[in-house]
Amino acid sequence: MSTESTSSHSDFIREIVAADRAAGKHAGQVVTRFPPEPNGYLHIGHAKSICLNFGIANENPGGICHLRMDDTNPTTEDPEYVQAIQDDVRWLGFDWQDKLFFASDYFERLYIYAVTLIKKDLAYVDSLSADEMRRYRGTLTEPGQASPFRNRSVDENLDLFRRMRAGEFPDGAHVLRAKIDMASPNINLRDPVLYRIRHVAHYRTGATWCIYPAYDFAHPLSDAIEGITHSLCTLEFEDHRPLYDWVVERCDTPQRPQQIEFARLNVSFTVMSKRKLLDLVERKLVDGWDDPRLPTLKGLKRRGFTPEALRAFCDAIGVAKRDAVVEVQLLEYFVREDLNKRAPRVMAVLRPLRVVIENYSEGQVEPLDAINNPEDPSAGTRQVPFSRTIYIDQDDFKEDPPKQFYRLTVGREVRLRYAYIIKCIDLIKDPVTGEVIELRCTYDPETRSGGPQAQRKVKATIHWVSAPHALDAEIRLYEGLMLTDPGKIPPDEDWTQHLNPHSLERLPDCKVEPSLASVSSGTRLQFERVGYFCVDPDSSPGRLVFNRTVTLKDAYAKIEKAQAPR
RNA sequence: UGGGGGAUCGUCUAGCGGUAGGACGCCGGCCUUUGGAGCCGGCUACCUAGGUUCGAUUCCUAGUCCCCCAGCCA
């Protein structure tokens with residue numbers, strides 16, 4: 001496996017794994033697993049878990065990481081998600097070889113384990129309603145009470161459980177429960193439900209089953225069946241661990257996996273809960289699971305994030321047990337770092353302002369050499385056409401420039417990247433709106449790149465596109481979807497009120513250089529001085545569409561912000 | 001306040017008894033035909049109080065604060 005898929009740092013889990021190997025535990029084997037439930041799309045929080053589980057497997061000789069669909073609840077699961085999960089894990093850069101598993105494939109074995117438990121008088125069929133069961137469970141401070149059905153005979157339990165499977169009872173009539181301790185201070189041990197009746201077809205097993213195993217039963221046994229050595233999960237399962245161990249022990253499985261918990265990833269201003277993501281998609285607050293504003297892997301991909309950047313991010317955030325909220329800026333840092341090295345530079349004008357260079361001959365066109373990537377000489381050069389009429393960005397001209405604005409204004413010179421130094425001599429306004437609609441400039445022929453005066457210093461260099469050669473494009477700018485940190489929104493509040501109304505801005509009339517005529521979907525580019533962009537799947541040769549992945553760091557924006565009257 | 005966890009720069013994270021390191025961020029400077037990139041410098045942290053020790057972020061005790069658990073979800 002490539003070195004990118006392993007971590008450069010250690011953490012408490014890797015230390016445990018290393019110590020276990022050294023001690024010869026699990027016969028020195030390392031088998032991990034990534035166990036998503038196929039009821040939604042993977043997001044960056046899953047990426048942390050994927051990188052951890054596959055990373056650890058890759059780092060240990062002979063190690064392997066299984067991909068397992070934890071599909072024990074037929075009401076929410078769908079093959080659409082199964083496919084998407086596989087695509088996403090692969091896209092992130094990981095390989096489960098032939099170890100793709102489904103908890104639903106273990107239903108028969110799980111059933112047999114349940115029967116074993118019943119025979120040992122460690123499980124019983126309870127006929128309390130869900131409501132009654134809740135009351136019998138007690139509270140955090142008071143012990144629970146035994147169900148009146150807790151002492152059914154083994155034979156009666158066996159019979160009832162068999163008939164549950166046979167479909168003789170309606171949903172909710174009975175459940176199979178572990179017989180542990182109704183007075184346990186750990187509520188998870190107060191006779192947890194092992195099986196429930198659900199007359200619902202499963203997307204894989206169809207109508208074969210009408211009883212389905214609960215997570216606390218299916219998960220440890222699935223791990224054991226697959227020979228998992230280290231079962232990594234998030235903190236909220238910490239007090240399920242005694243139950244996990246109980247199941248594995250009582251079922252006497254050949255393998256005893258070890259559950260280790262770590263803190264889930266939170267990213268500031270980022271919606272991570274499956275429920276909320278589903279909400280956004282279903283209420284059409286965003287445009288599907290791959291909306292570039294979403295932290296789903298599909299969304300991040302469409303936005304232009306690279307798997308390499310995501311992996312570097314996951315490596316940098318570390319693995320620990322304390323609750324943490326990572327700032328989005330760290331994520332952005334890693335995309336910039338990655339794209340800076342690999343994204344070809346091109347020129348694009350987002351909000352065009354027409355510029356006529358009066359002393360440049362009408363009809364003349366010069367092909368100018370432009371560097372594709374200053375960070376990577378092997379990327380070579382290309383030619384961009386220059387002519388009398390060009391577009392520059394409206395941001396690069398100010399009629400009344402504030403202090404520290406180095407760009408164009410009437411009477412000032414500026415360099416056109418890869419071309420000439422021009423001087424603005426006049427401007428034309430719309431007689432009605434008063435808006436500046438055209439700049440009149442002159443150029444200095446001596447200052448062409450490579451020319452005698454090419455080294456002349458001017459305060460700024462701006463990007464441009466030749467008007468007659470420009471390609472039309474739509475450019476989509478994204479900002480954070482949330483105005484508030486999701487973790488800081490009171491639960492009684494409607495969290496969608498904190499959605500950023502400006503999270504998407506479509507610029508339909510952009511101009512890009514002609515070299516982009518046939519870019520294919522997914523291509524990542526840097527628009528010089530603006531940011532990193534990615535060709536959207538909506539794009540076609542006649543209608544280019546770009547997504548802004550992330551802006552470039554912008555020193556002037558900072559000054560502007562500091563000067564802004566507030 | 002029943003149980004289970006956790007507290008180190010603004011944010012992540014390292015430190016495993018020898019005197020707090022890294023990254024992001026922020027501030028300043030250099031450089032620059034991207035106000036990009038790069039480079040240099042700076043910034044700020046051990047939850048509190050006791051104790052053990054020559055020495056404690058690390059060990060002990062007592063507090064404080066935060067998170068999780070009362071689904072037939074995972």
Side-chain angles (χ1 to χ4, degrees), chain A residues 9-11 15 35-37 39 70 72-73 75-76 126 128-130 133-135 137-144 171-177 183-190 192-198 211-212 214-216 218-219 233-242 261 263 265 268 274-275 313 316-334 336-337 340-341 345 347 371 373-375 404-407 415-419 421 447 449 454-463 526-531 551-559:
Chain A
H9 312 285
S10 190
D11 53 64
E15 280 175 16
E37 185 188 12
N39 67 349
D70 211 353
T72 56
N73 183 357
T75 58
T76 56
D126 197 358
L128 251 25
S129 70
M133 208 191 279
R134 190 176 315 120
R135 281 196 290 277
R137 187 153 33 227
T139 68
L140 294 179
T141 52
E142 303 160 74
D171 288 9
H174 309 284
V175 291
L176 184 74
R177 290 231 251 172
S184 172
N186 181 346
I187 290 187
N188 296 115
L189 264 21
R190 317 242 262 231
V193 168
L194 266 24
Y195 267 91
R196 70 285 212 192
I197 301 173
R198 282 247 206 299
I211 58 173
Y212 293 94
Y215 168 87
D216 283 315
H219 201 87
C233 64
T234 44
L235 253 27
E236 67 267 29
F237 293 104
E238 211 150 14
D239 46 17
H240 289 240
R241 195 184 337 130
E261 312 84 11
L265 169 66
S268 63
K274 266 191 178 182
R275 203 212 92 224
F313 171 77
I317 58 176
V319 179
K321 294 197 72 159
R322 67 182 89 90
D323 300 303
V325 182
V326 177
E327 293 176 333
V328 247
Q329 290 95 304
L330 188 65
L331 218 205
E332 292 177 351
Y333 166 80
F334 281 104
R336 287 197 187 100
E337 187 191 56
N340 175 49
K341 284 178 292 196
R345 272 61 168 171
M347 292 198 284
I371 293 165
N373 187 347
E375 302 295 317
Q404 295 186 76
F405 180 85
Y406 303 148
R407 282 105 97 158
R415 174 181 299 281
L416 294 178
R417 174 133 247 228
Y418 304 123
I421 291 176
T447 57
S449 283
Q455 300 311 311
R456 229 179 82 203
K457 298 290 178 205
V458 284
K459 273 285 204 182
T461 298
I462 65 173
H463 56 96
Q526 183 195 103
F527 289 170
E528 290 216 45
R529 302 207 311 131
V530 181
T551 61
L552 247 27
K553 276 206 283 183
D554 185 350
Y556 180 69
K558 216 174 258 179
I559 293 166

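Proteins come first, then strands; the chains are lettered A, B, ... in the order of their sequence lines, and each starts at number 1. Computed over heavy atoms, backbone and side chain alike; hydrogens, waters and symmetry mates excluded. Note that the structure is a prediction, hence the values are computed from the model and not measured.
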Checklist entry - So which nucleotide from B/G5, B/G3, B/U33 ends up closest to the side chain of A/N186? => result B/G3

Next on the checklist: Categorize A/S129 for me: base, sugar-phosphate, or nothing, with a 4.0 angstrom heavy-atom threshold over every strand shown.
Outcome noted: base

Item to check | Distance, C1' atom - from B/C46 to B/C65, rounded to whole angstrom | outcome: 16 Å

Checklist entry - Sub-3.5 Å donor-acceptor pair from the side chain of A/Y418 to the main-chain atoms of A/I371, do we have one? => result yes

Checklist entry - What nucleotide among B/C67, B/G6, B/G3 has an atom nearest to a side-chain atom of A/D239? => result B/G3

Item to check | Complement of B/G2, any strand, by Watson-Crick or G-U distances under 3.5 angstrom | outcome: B/C69

Checklist entry - Counting side-chain heavy atoms from C-beta on, which of B/C72, B/U8, B/U33 comes nearest to A/R415? => result B/U33

Next on the checklist: Looking at A/S268 and A/V328, would you say the former's side chain and the latter's main chain have a donor-acceptor pair under 3.5 Å?
Outcome noted: yes

Checklist outcome for this item: Scanning all shown strands, the Watson-Crick or wobble mate of B/U32 with both distances under 3.5 Å is none

Checklist entry - Rounding to the closest angstrom, what is the interatomic distance between B/G22 and B/A14 at atom P? => result 15 Å

Item to check | Shortest non-hydrogen contact from A/I317 toward A/L265 | outcome: CD1-CD1, 3.8 Å

Next on the checklist: Using whole Å, what does the distance between atom C1' of nucleotide B/A14 and atom NZ of A/K321 come to?
Outcome noted: 18 Å

Item to check | Length of the line joining A/E142:CD and B/U1:P, which is rounded to integer Å | outcome: 13 Å

Checklist entry - Closer to the 5' end of RNA chain B via nearest nucleotide, is it A/E236 or A/R134? => result A/E236

Checklist outcome for this item: Considering only heavy side-chain atoms of A/D70, the closest of B/A74, B/G36, B/C69 is B/A74

Item to check | Atom C1', compared across B/G6 and B/G63: separation rounded to whole Å | outcome: 16 Å

Next on the checklist: If you only use heavy atoms from C-beta on, which nucleotide in B/A74, B/C69, B/U34 is closest to the side chain of A/F237?
Outcome noted: B/A74

Item to check | B/U48: pairing nucleotide in any strand, Watson-Crick or G-U under 3.5 angstrom | outcome: B/A62

Checklist entry - Under 4.0 angstrom, heavy atoms only, what part of the nucleic acid is A/H9 near: base, sugar-phosphate, or nothing? => result nothing

Next on the checklist: Between the base of B/U11 and the side chain of A/Q329, is there a donor and acceptor pair under 3.5 angstrom?
Outcome noted: no

Checklist entry - Is the phosphate of B/G35, meaning OP1 or OP2, less than 4.0 Å from a side-chain N or O of A/R529? => result yes

Item to check | Sugar-phosphate only, base, or nothing, as touched by A/A460 at under 4.0 Å among non-hydrogen atoms | outcome: nothing

Next on the checklist: For the backbone of A/T551 and the side chain of A/R336, can you confirm whether one donor and one acceptor N or O come within less than 3.5 Å of each other?
Outcome noted: yes

Next on the checklist: Expressed as a whole number of angstroms, how long is the span from A/K553:NZ to B/G36:P?
Outcome noted: 8 Å

Checklist entry - If you round to the nearest 0.5 Å, how far is CD1 of A/I462 from CZ of A/R415? => result 11.5 Å

Next on the checklist: Classify A/L330 by what it touches in the nucleic acid, base, sugar-phosphate, or nothing, heavy-atom distance under 4.0 Å.
Outcome noted: sugar-phosphate

Checklist entry - Which is true for A/R177 with a 4.0 Å heavy-atom rule: it touches a base, it touches only sugar-phosphate, or it touches nothing? => result nothing

Checklist entry - Is any N or O donor-acceptor pair between the side chain of A/R336 and the base of B/G36 shorter than 3.5 Å? => result no

Checklist entry - In whole angstroms, how far is the P atom of B/G71 from the CG atom of A/L194? => result 17 Å

Checklist entry - Side chain of A/N373, backbone of A/K341: donor and acceptor closer than 3.5 Å? => result yes

Checklist entry - What does A/Y333 touch in the nucleic acid at a heavy-atom separation under 4.0 angstrom: a base, only the sugar-phosphate, or nothing? => result sugar-phosphate

Item to check | Distance, C1' atom - from B/A20 to B/U13, rounded to whole angstrom | outcome: 13 Å

Checklist entry - Hey, does A/E528 reach any base, or is it just sugar-phosphate, or nothing, if we go heavy atoms under 4.0 Å? => result base

Checklist entry - To the nearest angstrom, how far is A/R322 atom CZ from B/C47 atom P? => result 10 Å

Next on the checklist: Under 4.0 Å, counting only non-hydrogen atoms across every strand here, what does A/V193 touch: a base, just sugar-phosphate, or nothing?
Outcome noted: sugar-phosphate

Item to check | Pair of N/O donor and acceptor under 3.5 Å linking B/U33 base with A/S449 side chain | outcome: yes

Checklist entry - Which whole number of Å gives the distance between the P atom of B/A23 and that of B/U32? => result 26 Å

Checklist entry - Taking atom C1' in both B/A45 and B/U58, what distance in whole Å separates the two? => result 16 Å

Item to check | B/C40 and B/G4, which share atom name P, separated by this distance in whole Å | outcome: 50 Å

Next on the checklist: When you measure from the side-chain N and O atoms of A/K558 to the phosphate of B/C27, is any distance below 4.0 Å, counting only OP1 and OP2?
Outcome noted: yes

Checklist entry - Checking all strands, does A/L128 fall into the base, sugar-phosphate, or nothing category for heavy-atom contacts under 4.0 angstrom? => result base

Checklist entry - Taking the nucleotide of RNA chain B with the closest heavy atom to each, which residue, A/P185 or A/F405, is nearer the 5' end? => result A/P185

Checklist entry - So which nucleotide does B/C26 pair with, by the Watson-Crick or G-U wobble rule with both distances under 3.5 Å? => result B/G42

Next on the checklist: Work out how far the P atom of B/C69 is from that of B/A37, and round it to whole angstrom.
Outcome noted: 42 Å

Checklist entry - Using a cut-off of 4.0 Å on non-hydrogen atoms, how would the nucleic acid contact of A/I559 be classed: base, sugar-phosphate, or nothing? => result base

Next on the checklist: Please classify the nucleic acid contact of A/K274 as base, sugar-phosphate, or nothing, using heavy-atom distances under 4.0 Å.
Outcome noted: nothing

Checklist entry - Counting only distance, no hydrogens or angles, is the base of B/G6 paired donor-acceptor with the side chain of A/E238 under 3.5 Å? => result no

Checklist outcome for this item: For A/V530 and A/H463 the tightest heavy-atom approach is CG2-NE2, 3.8 Å

Checklist entry - Contact class for A/R417 (heavy atom, under 4.0 Å): base, sugar-phosphate, or nothing? => result base

Checklist entry - For A/F527, which contact category applies under a 4.0 Å heavy-atom criterion: base, sugar-phosphate, or nothing? => result nothing

Next on the checklist: So A/E15, base contact, sugar-phosphate only, or nothing? Heavy-atom distance under 4.0 Å.
Outcome noted: base

Next on the checklist: Strictly below 4.0 Å: does A/R137 bring a side-chain N or O up to OP1 or OP2 of B/C72?
Outcome noted: yes

Item to check | Assigned partner base of B/G55, Watson-Crick or wobble definition, under 3.5 Å | outcome: none

Item to check | Nucleotide forming a Watson-Crick or wobble pair with B/G21, both distances under 3.5 Å | outcome: B/U13

Checklist entry - For the base of B/G10, is there a side-chain donor-acceptor partner from A/E327 under 3.5 Å away? => result yes

